[in-house]
Q: 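Once you've had a glance at the structure underneath, I'll fire off some questions.
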Amino acid sequence: PDVDDLRESPAIAVVSKLADFGISVLVCEPHILEMPTALADKGCELCELDTVNAFDGCVAVLVNHSVFLSLEPTENFIDFVGRFDAVQRV
C-alpha cells in the first residue's frame, strides 16, 4: 500500500480479468500518473478519487492505500482488504 510499484500487485490481474470479461473498468490508483499499458490496451481508464465517490456502479477496493479511507462506501462497495467496517468483504 501507498507505493507506485505495481509489478507484483494482484490488483493488476483482477482488473485485467474483469476487462477480459468485457467489464468497463475505472481504476483509481493515486500513486501512478498513467495506466499500465497492459490495462490501457484493454480499455481500462485511470480516474481520480472524486470520480470513485460519485460512481454509481460497483466499487472494489483491491489495495490498502491510506487515501482510500476517504471513500464513502455504498451498497455496491466491496472491500477486499478489510479496511472498512460494515461493508461487504471478500
Side-chain angles (χ1 to χ4, degrees):
D2 295 329
V3 297
D4 63 356
D5 185 355
L6 303 178
R7 289 177 294 176
E8 295 186 29
S9 174
I12 297 292
V14 172
V15 170
S16 180
K17 189 56 101 175
L18 289 170
D20 288 345
F21 283 120
I23 297 170
S24 297
V25 180
L26 295 176
V27 174
C28 180
E29 173 47 76
H31 300 288
I32 62 171
L33 298 176
E34 69 180 52
M35 181 69 66
T37 304
L39 296 180
D41 289 349
K42 293 182 179 201
C44 299
E45 297 178 44
L46 193 61
C47 71
E48 300 291 325
L49 195 58
D50 291 344
T51 302
V52 176
N53 272 327
F55 188 64
D56 62 354
C58 179
V59 173
V61 178
L62 301 174
V63 181
N64 199 11
H65 292 316
S66 59
V67 69
F68 291 159
L69 282 175
S70 67
L71 290 173
E72 300 165 13
T74 66
E75 66 222 20
N76 297 326
F77 194 91
I78 304 170
D79 179 8
F80 285 85
V81 297
R83 191 89 195 234
F84 299 86
D85 292 330
V87 299
Q88 183 174 349
R89 291 198 177 120
V90 176

Q: Which residues pass the side chain to side chain donor-acceptor pair (under 3.5 Å) test with Asn64, sequence neighbours left out?
A: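 Result, side chain to side chain donor-acceptor pair (under 3.5 Å) vs Asn64: Arg83.
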Q: Do any side-chain atoms of residues 3-12 form donor-acceptor pairs under 3.5 angstrom with protein atoms, and if so which ones, sequence neighbours left out?
A:
from, atom 1, to, atom 2, distance (Å)
Asp5, OD1, Arg7, N, 3.1
Asp5, OD1, Arg7, NE, 2.9
Asp5, OD2, Arg7, NE, 3.3
Asp5, OD2, Arg7, NH2, 2.6
Ser9, OG, Ala11, N, 3.2

Q: Tell me every residue that passes side-chain contact (heavy atoms from CB on, under 4.5 Å) with Ile23, counting only those two or more places apart in sequence or in another chain.
A: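 Result, side-chain contact (heavy atoms from CB on, under 4.5 Å) vs Ile23: Leu18, Phe21, Val25.
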Q: First locate atom CG of Leu46, then atom CD of Glu29, and finally report the distance between them rounded to the nearest 0.5 Å.
A: 8.0 Å
Q: Any ring pair (Phe, Tyr, Trp, His ring centres under 6.0 Å) involving residues 30-63? Give me the pairs, sequence neighbours left out, ordered by first then second residue.
A: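 Qualifying pairs, neighbours excluded: His31-His65.
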Q: I'd like to check Leu71 versus Phe77 (side-chain heavy atoms, cut-off strictly below 4.5 Å). Are they in contact?
A: yes
Q: Mind listing the closest non-hydrogen atom pair of Cys47 and Leu26 along with its distance?
A: SG-CB, 4.0 Å
Q: Mind checking what makes side chain to side chain donor-acceptor pair (under 3.5 Å) contact with Ser66, not counting sequence neighbours?
A: Asp2
Q: Quick one: closest heavy-atom pair of Ile78 and Phe80, and the distance?
A: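 So the two residues come closest at CG2-CE1, 3.4 Å.
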Q: Closest approach of Val61 and Phe68, non-hydrogen atoms and distance?
A: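 Heavy atoms of Val61 and Phe68 come nearest at CG1-CD1, 4.0 Å.
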Q: Counting only heavy atoms not in Leu33, do more than 12 sit closer than 6.0 Å to its CG atom?
A: no
Q: Does the side chain of Asp79 come within less than 4.5 Å of Pro73's, by heavy atoms?
A: no
Q: Applying side-chain hydrogen bond (donor to acceptor under 3.5 Å, both in side chains) as the test, list every pair that has at least one member in residues 40-54; sequence neighbours left out.
A: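 Matches after skipping sequence neighbours: Ser16-Lys42, Asp20-Lys42.
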